[in-house]
Protein chains: 2
Amino acid sequence: MLEVPNRDRRAERRSGTRAEILEAARGLCAANGLASLSLRDLARQIGLKAPSLYSYFESKNAIYDAMFAQGCQQLLDERPARIPTDLLDGIRTILGYFVSFCVADPVRYQLLFQRTIPGFEPSAQSYAISQTAMRLTLEWFADHDLDRPEVVDLFTAVGSGIAAQQNSNEPGGDRWTRLVDDAALMFVRHITAGDDQPATPRRKSR
Amino acid sequence: MLEVPNRDRRAERRSGTRAEILEAARGLCAANGLASLSLRDLARQIGLKAPSLYSYFESKNAIYDAMFAQGCQQLLDERPARIPTDLLDGIRTILGYFVSFCVADPVRYQLLFQRTIPGFEPSAQSYAISQTAMRLTLEWFADHDLDRPEVVDLFTAVGSGIAAQQNSNEPGGDRWTRLVDDAALMFVRHITAGDDQPATPRRKSR
DNA sequence: GTCTATATTTGGATAGAC
DNA sequence: GTCTATCCAAATATAGAC
C-alpha cells in the first residue's frame with residue numbers, strides 16, 4: 001500500500017473550527033465586553049451547542065488563553081518590517097505601531113495588557129510569545145544605547161498611556177492617537193537632552 | 001411639645017452601615033477582583049444576609065456607583081492643598097499625586113479609570129464629581145497658558161501610562177512610579193521647547 | 001464530534017413573615 | 001430592617017446516547 005502524503009483534511013477541519021470559535025469569541029467580546037463571554041452564546045454563534053466546544057477547548061479559560069496567544073502572535077506578525085535607524089523616526093514607528101495595535105481592538109488590548117479577567121492567567125507558552133515581542137523591541141533600543149531600564153519603562157508608559165486613554169475615554173476615536181508623533185518627539189527630546197537637567201542619569205547622579 | 005433638634009440617630013446609623021458595606025466591598029474587591037464581587041459574600045462579611053443589602057442600596061450596580069462616587073470624592077479631597085506655581089514643580093506635584101492615587105488602590109483605579117465592569121455606568125451625579133476633579137486640574141493648566149487640549153491630553157496620557165503600567169505589571173511596586181519626576185521633566189521640557197521642532201503648535205503649523 | 005440531558009454552582013433580586 | 005424562603009436566570013462542565 002502506498003501512503004499518499006495527503007493533506008490531513010480532518011486536522012484542517014478541526015483547526016478551521018477552532019479558528020471559527022476564536023473569531024466568534026472576538027466578535028462577542030467586542031459587543032458585550034471581554035468578561036461577559038458565555039459558552040452558550042459562543043456556541044450558538046457558530047451553530048453548535050455549548051458542550052461541543054469542549055471538543056476544541058478544554059475550558060473557557062483555554063479559549064481566553066488561545067485568544068491571548070493569538071493576540072501576541074498578531075503583535076509579532078504585524079510589526080513593521082523595518083524600523084528606521086534614525087532615533088526619532090524609529091521611536092515614532094515603534095510608538096505608532098504599538099498604539100494603533102492597541103486601539104484597533106480594545107478587547108484584545110484589555111486581554112493582553114490589562115489584568116481584569118478574574119480567574120484568567122495566560123499559560124507559560126502564551127506568555128512566552130508576548131516576551132518575544134518585547135525582546136524584539138528591546139533589541140532596537142539596545143542598538144541605540146537606550147537599553148537602560150528607566151528609559152525603556154518610560155517609553156512603555158507613554159505608549160500605554162496613549163492607548164489607555166484612547167480606549168477608556170473615546171474608544172474608536174483619535175483624540176489621543178493623533179498625539180503619537182508629538183509624544184515621540186517629547187520622548188526623544190528628553191532622552192537626548194543634556195545633563196544640565198539630569199533626566200535618567202546614566203550613572204550615579206549626585 | 002418641644003422639638004429638641006436631636007441628632008438623627010437613625011440616619012447616622014443608616015449611613016454608618018452604608019459606609020460599612022462600602023468598606024467591606026472594597027476589601028472583597030481588593031482580594032478577589034472588582035468583577036467578582038457578590039452580594040452574598042458582601043453581606044456575610046458584615047454579618048448580614050444578602051437581601052438586607054437592598055435596604056441600603058437598590059442594586060448591585062448602585063453599590064458600584066457609590067464606590068465610584070466615593071473614589072472620585074477621595075481624588076478631590078486628598079489633592080495637594082497648594083500646587084506650586086513653578087511649572088516643573090507644579091507638574092511634578094500634579095503628576096505625582098495622580099499616580100500615587102492610582103497605585104494606592106488598584107481596584108479603585110480600575111473602577112474609576114478603566115471601563116471594565118460589563119453592565120456598569122456611573123450615574124450622572126457620580127460622573128459630575130469626577131468632572132469637578134478634572135476641572136480643578138484644568139484651571140491650573142489654564143493659569144500657565146497650557147490649556148490647549150493637546151497639551152492636557154498628552155499630560156493625562158503620561159499619568160495614565162505610568163499608573164497603568166505599574167498596576168498591570170507590578171502592582172504594589174515602584175518600577176514605574178519612581179519615574180514620576182523624570183516624566184514630569186520630560187513633559188515640561190517638551191512643552192517649553194522652542195518651535196524649531198514644533199511639538200504641539202499653538203497655531204496653524206504649515 | 002455532536003447531541004440531549006443534567007449536574008452543580010452561583011448569581012441578583014423579590015415576597016412576605018416578624 | 002432583617003430574616004427565611006424562594007424565584008429565576010445563567011453559568012461551566014460532565015455523562016452518555018447516537
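Predicted, not measured: the structure shown is a model, and the values here were computed from it.
The distance from atom CG of B:Leu28 to atom C1' of C:dG11 is 15 Å, rounded to the nearest whole Å. Protein atom CG of A:Asn61 is 16 Å distant from nucleotide atom P of D:dA11, rounded to whole Å. Here the C1' atom of nucleotide D:dA13 and the CZ atom of A:Phe57 are 16 Å apart, to the nearest Å. For A:Lys49 and D:dT14, the NZ to C1' distance is 17 Å, given to the nearest whole Å. Note: CD1 (B:Ile46) to P (D:dG1) measures 13 Å, nearest angstrom.
A tilted orientation is assigned to the rings of A:Tyr64 and A:Phe120, their planes being inclined by 30° to 60°.
Counting atom types as modelled, B:Arg40 pairs a side-chain N or O with a base atom of C:dG12 as donor and acceptor under 3.5 Å.
Not less than 6.0 angstrom separates the ring centroid of B:Phe68 from the ring centroid of B:Tyr127. For an aromatic pair to be called close, the ring centres must be under 6.0 Å apart, and B:Tyr109 with B:Phe101 fails this.
Note on B:Leu42: nothing from the nucleic acid sits closer than 4.0 angstrom, heavy atoms only. Note on A:Tyr54: a base of the nucleic acid sits closer than 4.0 angstrom, heavy atoms only.
A distance-only check finds a donor-acceptor pair linking the side chain of A:Asn167 to the backbone of A:Cys102 [under 3.5 Å].
Contact check, A:Ser38 against D:dA11: a side-chain N or O comes under 4.0 Å of OP1 or OP2. Close to D:dG1, at under 4.0 Å from its OP1 or OP2, lies no side-chain N or O of B:Ser52.
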